[in-house]
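The shown structure was predicted, so the numbers you read here are calculated from the model rather than taken from an experiment. Just so we're on the same page: letters track the sequence lines, and every chain starts at 1.
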2 protein chains.
Amino acid sequence: MPKSKRLIELMMTVNRKRKFTISELAEEFGVSKRTMLRDLQELSELGVPLYSETGRHGGYQVLNERILPPITFTEDEAVAIFFASYALRHYSSLPFESEINNALKKFFSYLPNDVKDKIDKMKNRVDFVVPMRPLSTSHLAILLDAAIQQKVVRIEYDSIRGFSWRDIQPIGIYASHGFWYCPAYCLKKADFRLFRLDRLRSIDSNPNKHTENKNLININLSNWETITREDSGDMNVYIELTREGVRKSQLEPWVVSRLQINSDGSGYIKGDLPRKEIDYFADYFFGLGGEALVKKPKELQIKVKQKLRKMYQLYEMSRDGSF
Amino acid sequence: MPKSKRLIELMMTVNRKRKFTISELAEEFGVSKRTMLRDLQELSELGVPLYSETGRHGGYQVLNERILPPITFTEDEAVAIFFASYALRHYSSLPFESEINNALKKFFSYLPNDVKDKIDKMKNRVDFVVPMRPLSTSHLAILLDAAIQQKVVRIEYDSIRGFSWRDIQPIGIYASHGFWYCPAYCLKKADFRLFRLDRLRSIDSNPNKHTENKNLININLSNWETITREDSGDMNVYIELTREGVRKSQLEPWVVSRLQINSDGSGYIKGDLPRKEIDYFADYFFGLGGEALVKKPKELQIKVKQKLRKMYQLYEMSRDGSF
DNA sequence: TAAAACAGCGCCAATAGTTGTCACTGTTTT
DNA sequence: AAAACAGTGACAACTATTGGCGCTGTTTTA
């Protein structure tokens with residue numbers, strides 16, 4: 001094998017193994033140890049962060065920093081990757097914050113000039129707005145780590161009844177609607193709970209108490225809801241929507257699949273929804289105001305009416321003659 | 001210069017220039033044409049997408065596909081880039097869709113195994129949920145392109161009064177709250193408008209009519225709101241919130257800076273808000289139901305009450321004795 | 001304490017790869 | 001028809017690469 005190709009393959013091999021000896025690689029590539037030594041030196045000069053130790057159990061190592069072999073990206077792919085990373089800048093507190101900035105800088109600096117220009121032009125023309133409440137990065141990192149390792153952590157959480165400490169075993173973390181959430185097994189309640197992370201005041205990643213870890217290794221973000229939900233059944237709903245109501249409610253994915261639109265733009269939602277979430281739905285349909293009329297089920301209608309009456313009374317109490 | 005190093009430099013040179021001839025490069029690198037020819041062939045074999053044409057004004061070209069020279073990423077940077085791209089998978093209709101998938105695949109396949117493992121473990125533990133309504137990718141691409149080139153396009157748009165055609169000159173596109181938006185100069189109204197792209201039925205990227213382009217090159221996503229808003233002034237608001245109201249409204253960034261929280265968890269919003277958006281605010285505070293009480297200004301309170309009355313009547317009409 | 005297992009250096013002859021030259025073919029544009 | 005390109009093949013000259021060999025030096029382990 002000619003040297004130039006060998007070097008490129010060596011790059012990859014070296015990245016694959018983290019640790020290796022000269023003789024090992026020499027045999028693998030069918031060259032002498034002397035040659036391998038020289039090759040590795042060259043790689044080192046080319047920027048691969050190699051480190052070696054002499055002695056009995058010495059050997060070569062690639063440092064934490066790894067390099068990627070030359071990857072061929074099309075222009076569009078490079079632009080796409082750039083924007084993907086760029087889009088996440090709104091998640092100011094995501095666990096990867098600093099890494100992403102570095103990577104982005106490197107990436108950008110290696111791009112040919114005309115691609116840079118293209119990106120510069122696009123930068124002010126596309127955006128991904130993600131309202132995000134600021135949040136301590138370290139909390140996220142600790143919880144994520146705990147989720148991966150399935151460790152128990154102790155958190156100080158602001159529940160409806162004020163702050164309290166709980167031991168939880170996190171399933172994962174996710175960002176949604178501007179908040180970070182952490183579904184977890186709560187050892188206190190012996191059940192699964194969803195925590196909103198801006199309500200978390202402090203966290204102890206190593207509660208000294210010897211708590212037993214539950215085996216939740218197979219529960220992850222994509223299946224925890226189905227696994228942990230004790231099914232309280234569905235309710236059959238029927239909601240009439242005005243034209244405006246249709247337009248507004250189309251934002252919700254669970255609406256879209258149950259939505260029928262009339263020719264004049266108005267429509268109705270008909271189908272089954274989980275009874276357990278009835279309070280959420282009541283809130284939601286109340287929020288649509290006069291644009292939605294809950295016909296079925298009765299219990300949902302009642303909840304909406306209760307909200308309505310409560311608000312009505314609230315505003316009637318502050319009489320000013322206009323009502 | 002030894003061959004192996006020459007090849008790497010050649011890679012970069014070739015990426016810098018887009019077009020070149022053999023003799024040109026041969027001279028630059030101080031080798032014969034024959035050698036340069038051989039070198040380029042090797043590069044080609046290594047994956048650089050070269051293309052050549054014979055004849056008078058022929059020469060070499062690098063195709064649209066470009067390659068990046070070997071970039072050294074640390075392990076964490078690679079992971080970060082991966083997740084940035086991964087996070088955007090929810091934007092199923094973003095202009096870069098297919099490119100990002102390709103890039104991600106390439107990127108992933110070149111990562112060393114232990115980093116792959118790390119990513120695999122994290123995949124099910126972190127997520128960025130972005131509810132997104134499906135939308136034609138081509139619309140996005142056309143509008144983005146028009147924004148970059150400052151071209152006029154004709155769209156068929158579903159406004160309150162049904163579908164109509166308009167000629168617009170887009171400023172850019174952005175995703176927010178699950179929708180794609182396009183602020184643009186509307187030639188019909190001779191003013192700036194914000195279009196929600198799921199209400200766009202069709203688009204003509206080349207309206208044959210010779211419309212004059214306005215010079216909006218300096219208006220972009222980050223400044224169009226300030227530049228185009230005819231300021232109708234602010235209104236001073238005062239809204240009382242229950243404890244639950246505080247928690248809910250903290251989601252909105254414009255609330256946070258104007259929010260005061262009492263020791264018992266309840267609180268109030270006090271400050272100035274743009275009068276122009278009064279309908280939006282009325283909607284919003286109505287949506288908070290009994291958790292918010294609008295005290296000031298009167299006009300806002302009146303709007304909320306109107307909604308309330310409208311809804312009250314709506315539900316009273318469907319009498320069932322429970323009200 | 002000695003042996004084993006590892007990195008690392010210098011030298012040199014053999015060899016394998018690289019290079020330039022030259023003489024071709026073939027295309028497109030002017 | 002000439003000019004300006006790419007592309008091929010052959011070959012001798014050249015140079016970089018290679019493998020051995022002998023050496024130094026470190027750390028671990030028996």
Please state how far atom [atom1] in [X] lies from atom [atom2] in [N], giving the value in whole angstrom units.
X: Lys3(B); N: dT19(C); atom1: NZ; atom2: P; result: 6 Å
X: Leu37(A); N: dC9(C); atom1: CG; atom2: P; result: 7 Å
X: Arg56(A); N: dA2(C); atom1: CZ; atom2: P; result: 17 Å
X: Met36(A); N: dC6(C); atom1: CE; atom2: C1'; result: 16 Å
X: Glu53(A); N: dG8(C); atom1: CD; atom2: C1'; result: 15 Å
X: Asp39(A); N: dA7(C); atom1: CG; atom2: C1'; result: 16 Å

By side chain to side chain donor-acceptor pair (under 3.5 Å), which residues pair with [X], not counting sequence neighbours?
X: Lys151(B); value: none
X: Asp145(B); value: Gln149(B)
X: Asp127(B); value: Arg89(B), His90(B)
X: Glu27(B); value: none

Any donor-acceptor pair under 3.5 Å from Arg166(A) side chain to Leu187(A) backbone
no
Any donor-acceptor pair under 3.5 Å linking the side chain of Gln150(A) with the backbone of Pro170(A)?
yes
Would Lys188(A) and Asp167(A) pass as an ion pair if we require N to O under 4.0 Å?
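Here Lys188(A) does not pair with Asp167(A) in a salt bridge, since their nearest N and O are not under 4.0 Å apart.
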Gln41(A) vs dC9(C): side-chain N/O to OP1/OP2 distance below 4.0 Å
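For Gln41(A), the contact criterion (side-chain N or O under 4.0 Å from OP1 or OP2 of dC9(C)) is met.
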Tell me whether the side-chain N/O atoms of Thr54(B) come closer than 4.0 Å to OP1 or OP2 in dT28(C).
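No, Thr54(B) has no side-chain N/O under 4.0 Å of OP1/OP2 on dT28(C).
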Nearest-nucleotide check on DNA chain D, Gly59(B) vs Arg34(B); residue mapping nearer the 5' end is Gly59(B)
First encountered from the 5' end of DNA chain D, between Arg38(B) and Lys33(B):
Lys33(B)
Note: chain A reaches DNA chain D at heavy-atom distances under 4.0 Å over the stretch, first to last nt, 5' to 3', of dT17(D) to dT29(D)
Which nucleotide in the list dA7(C), dT18(C), dG20(C) gets nearest to the side chain of Tyr60(A)?
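Selected nucleotide: dA7(C).
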Complement of dT30(C), any strand, by Watson-Crick or G-U distances under 3.5 angstrom
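WC or wobble partner is dA1(D).
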Taking atom types as modelled, is there a side-chain donor on Gln61(B) or Glu53(B) under 3.5 Å from an acceptor on the other?
no
For DNA chain D, which residues of residues 21-32 of chain A approach it to below 4.0 angstrom with any heavy atom?
Gly30(A), Val31(A), Ser32(A)
How about Tyr157(B) and Phe195(B): are their ring centres within less than 6.0 Å of each other?
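Between Phe195(B) and Tyr157(B), which both carry aromatic rings, the centre distance is below 6.0 Å.
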